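Notes follow once the structure below has been shown.
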Amino acid sequence: MNIFYSPNICTTPFLPEEESLHCIKVLRLNKGDLIHVIDGVGGLFVAKIIEPHPKKTKIEIIEVINDYYVPNYQLHLAVAPTKNIDRFEWFIEKATEIGVSQITPLLCRYSERKMVKSDRLEKIIISASKQSIKPYIPVLNPMTSFADFLNNYKDVNTQKFIAHCYDIPKLPFIKSCKKGGNVIVLIGPEGDFSMEEVNDALKMGFISVSLGDSRLRTETAGIVACHTVSIANDL
């Protein structure tokens, strides 16, 4: 199944330039060939190539595939980017494949990376969405300070968790995450959150949780949290 991304397919029946290039020059598809297209907001379509062009391929919607993938939860992962950006990009890719609604790069006290290239991360997200045939493209938010993130979500009525390594009372995440609804999970940098950050989160209604007995890398913790929410909603 050849999957392409065209956010405006319902109003503008063309593949974007990068998608057109891949379709015509790499896959060598021709006029009359059928492809599948996602619009990033839940739409999955069967389309026919009308005018192949490496910069602007014209297509025609043949079929709308309704309710192909409708998640029964919304997961927002706020994760401090790793010093090695390759590890954070790997996390972005795998979280998208598993299922995530929003990702916020988090700037914490002990963060070793203070900037990310959003354009590159967006491309990874789109590629992973096509790979996993998910018609919803996760939202990538701008890098946000820990304090600002807490303030933005202090009054949000949702399940809110912070995962850390401090030896204070923590609940097992798998038993704390309830099926359905919205979930926010905070994952800290390589040096973990500061104790002050943890306390601030708890004051804002976040629940302190453990992701298991092992000490996990940041990107691994993000994937474990993502997969745990997915499993909890499949039970």
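Note that this is a predicted model, so its numbers are computed, not measured.
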Nearest 0.5 angstrom please: I92 CD1 to E122 CD, how far?
9.0 Å
Could you tell me whether the side chain of S111 and the main chain of L107 form a donor-acceptor pair under 3.5 Å?
no
Of the non-hydrogen atoms in P105 and P81, which two are nearest, and what is the gap between them?
CB-CG, 3.7 Å
Nearest non-hydrogen partners of L77 and A95, listed with the distance:
CD1-CB, 4.3 Å
Do you know the tightest heavy-atom contact between A201 and I162?
CB-CD1, 3.8 Å
Just how far is it from atom CE of M143 to atom CG of D148, taken to the nearest 0.5 Å?
12.5 Å
Under the side chain to side chain contact (heavy atoms under 4.5 Å, CB included) criterion, do I85 and K117 qualify, and how do the steps go?
CA-CA 10 Å; I85 193 60; K117 295 181 179 180; over 6 Å; no
State yes or no: are the ring centers of F206 and H164 separated by less than 6.0 Å?
no
Kindly say whether the aromatic ring centers of F91 and F88 come within a distance under 6.0 Å.
yes
Greater than 12 external heavy atoms within 6.0 Å of R109's CZ:
no
Taking the side chain as C-beta and beyond, is there a heavy-atom pair between H22 and L27 under 4.5 Å?
yes
More than 12 heavy atoms of other residues, nucleotides or ligands under 6.0 Å from CG of N72: yes or no?
yes
Are side-chain heavy atoms of I137 and I125 found at a separation under 4.5 Å?
yes
Residue D234 excluded, over 12 heavy atoms near CG under 6.0 Å
yes
Assigning hydrophobic clusters by single linkage (Ile, Leu, Val, Met, Phe, Trp, Tyr; side-chain heavy-atom cutoff under 4.5 Å), is I103 placed with V185?
yes
Taken to the nearest 0.5 Å, the spacing of C226 SG from I187 CD1 works out to 10.0 Å
For V183 and C177 the tightest heavy-atom approach is CG2-SG, 4.2 Å
Taking C-beta and beyond as the side chain, do L186 and L150 meet within less than 4.5 Å on heavy atoms?
yes
Just verifying a value: how many Å separate C108 SG and R113 CZ, rounded to the nearest 0.5 Å?
14.5 Å
Between F45 and C10, what is the shortest heavy-atom contact and its length?
CZ-SG, 3.7 Å
Pairs involving residues 15-33, ordered by first then second residue, that meet salt bridge (Lys or Arg N to Asp or Glu O under 4.0 Å) (sequence neighbours left out)
E19-K130
For G188, is there any backbone N or O sitting under 3.5 Å from a side-chain donor or acceptor partner on T218?
yes
Can you tell if the side chain of P7 reaches within under 4.5 Å of the side chain of P16, non-hydrogen atoms only?
yes
Test item: S208 and L202 side chains (from C-beta on) under 4.5 Å apart, heavy atoms
yes
Would a single hydrophobic cluster contain both V100 and I124, if residues Ile, Leu, Val, Met, Phe, Trp and Tyr are joined by side-chain heavy-atom contacts under 4.5 Å?
yes
Under the side chain to side chain contact (heavy atoms under 4.5 Å, CB included) rule, what do E89 and L121 come out as? Steps first, then yes or no, please.
CA-CA 7 Å; E89 291 176 353; L121 297 181; 3.7 Å; yes
Y73 and S230: CA distance, side-chain angles, deciding distance, side chain to side chain contact (heavy atoms under 4.5 Å, CB included) verdict
CA-CA 9 Å; Y73 65 94; S230 176; 3.7 Å; yes
Which salt bridge (Lys or Arg N to Asp or Glu O under 4.0 Å) pairs, counting each pair once, include a residue from residues 156-184, with sequence neighbours left out?
none
Is there a donor-acceptor contact under 3.5 Å from the side chain of S101 to the main chain of H76?
no
Do the side chains of I38 and L44 get nearer than 4.5 Å, heavy atoms only?
yes
Within the structure provided, determine whether F4 and L29 are in side-chain contact (heavy-atom separation under 4.5 Å).
yes
Closest non-hydrogen atom pair, I98 against K134
O-CE, 3.8 Å
Is the backbone N or O of F14 less than 3.5 Å from a side-chain atom of T12, with the two atoms forming a donor-acceptor pair by type?
no
Between N141 and T104, do the side chains contain an N or O donor and an N or O acceptor separated by less than 3.5 Å?
yes
Do M195 and V209 belong together in a cluster built from hydrophobic side chains that touch within less than 4.5 Å?
no
Steps toward side chain to side chain contact (heavy atoms under 4.5 Å, CB included) verdict (I184, F149)
CA-CA 11 Å; I184 298 174; F149 189 90; 3.9 Å; yes
Quick check: is L216 connected to I223 through a chain of hydrophobic side chains (ILVMFWY, heavy atoms under 4.5 Å apart)?
yes
With a 3.5 Å distance limit and no angle check, can you tell me whether S127 reaches the backbone of K123 through a side-chain donor-acceptor pair?
no
For Y166 and F193, indicate whether the former's side chain and the latter's backbone hold a donor-acceptor pair under 3.5 Å.
yes
From the list V229, L211, I207, side chain to side chain contact (heavy atoms under 4.5 Å, CB included) with F161 holds only for I207
CD1 (I62) and NE2 (H36) are apart, to the nearest 0.5 Å, by 11.5 Å
Would you say S6's side chain and L15's backbone share a donor-acceptor pair under 3.5 angstrom?
no
Could you check if a side-chain atom of P52 sits within less than 4.5 angstrom of a side-chain atom of N30, using non-hydrogen atoms only?
no
Same hydrophobic cluster for L106 and V139, using side-chain heavy-atom links shorter than 4.5 Å among ILVMFWY?
no
I'd like to know if the side chain of E112 and the backbone of E190 have a donor-acceptor N/O pair within less than 3.5 Å.
no
Rounded to the nearest 0.5 Å, what's the gap from OG1 on T228 to CG on N233? Could you check?
11.0 Å
